[in-house]
Amino acid sequence: MTEALEELSFFMRDWRQNAIIDFDPQAFDVMAATQQLLETSEPFNVLSGYRTASTNAMLRRRSRGVARNSYHMRGMAADLRMQSRSANQVYHAAASVNGGGVGRYGRSGFVHVDSGPVRTWRR
């Protein structure tokens with residue numbers, strides 16, 4: 001793994017457990033392509049990257065929107081928000097990349113992107 005990917009994996013770590021996994025480079029590609037389509041250099045606010053099984057279970061107890069076998073636990077997903085763009089704008093840009101799963105969580109104002117199978121959803 002390159003030094004840059006190591007740094008990105010550290011950034012995407014489960015901060016609750018201070019646990020790191022080798023994050024999937026394809027997920028970063030989806031995020032970068034999404035940002036480019038939004039025509040901005042503003043960084044994403046990453047709400048959640050990698051999650052350990054215990055963190056994911058804790059979040060599942062708090063919210064019905066957390067998947068039991070989340071791609072977050074595989075280092076393949078991120079929940080994102082951008083100050084200058086709506087969740088709807090981020091969702092449409094990410095979905096047009098066709099690089100994995102994209103979900104819009106309207107009430108919470110964030111978008112889930114992952115490098116798993118191509119699919120979309122809205123909650």
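At least one donor-acceptor pair closer than 3.5 Å links the side chain of Gln89 to the backbone N or O of Ser86. A side-chain donor-acceptor contact under 3.5 Å links Gln26 to the backbone of Gly99.
Looking only at atom types and distance, the side chain of Trp121 has no donor-acceptor partner in the side chain of Tyr91 under 3.5 Å away.
Here Ser70 pairs with nothing under the side chain to side chain donor-acceptor pair (under 3.5 Å) rule; sequence neighbours left out. The salt bridge (charged side-chain N to carboxylate O under 4.0 Å, His left out) check on Asp14 picks up nothing, with sequence neighbours excluded. Partners of Asp24 according to the side chain to side chain donor-acceptor pair (under 3.5 Å) rule, which considers only residues two or more places apart in sequence or in another chain, are Ser115. Asn18 meets the side chain to side chain donor-acceptor pair (under 3.5 Å) test with Arg13; sequence neighbours excluded. Applying the ring-ring contact (aromatic ring centres under 6.0 Å, His included) test to Phe44 and every residue at least two apart in sequence or in another chain returns nothing. Scored by the ring-ring contact (aromatic ring centres under 6.0 Å, His included) test, Phe28 finds Phe23 as partners (sequence neighbours excluded). Considering only residues two or more places apart in sequence or on other chains, His72 meets the ring-ring contact (aromatic ring centres under 6.0 Å, His included) condition with His112. Qualifying side chain to side chain donor-acceptor pair (under 3.5 Å) partners for Arg119, counting only residues two or more places apart in sequence or in other chains: Asp114.
Applying the salt bridge (Lys or Arg N to Asp or Glu O under 4.0 Å) test to residues at least two apart or on different chains, none of the pairs has a partner in residues 84-112. Annotation: salt bridge (Lys or Arg N to Asp or Glu O under 4.0 Å) contacts involving residues 63-82, sequence neighbours excluded, comprise Arg51-Asp79. The stretch residues 32-43 participates, sequence neighbours left out, in these side-chain hydrogen bond (donor to acceptor under 3.5 Å, both in side chains) pairs: Glu42-Ser84. Screening residues 46-69 for ring-ring contact (aromatic ring centres under 6.0 Å, His included), with sequence neighbours left out, gives no hits.
Taking CG of Leu59 as the reference point, atom OG of Ser48 lies at 6.5 Å (rounded to 0.5 Å).
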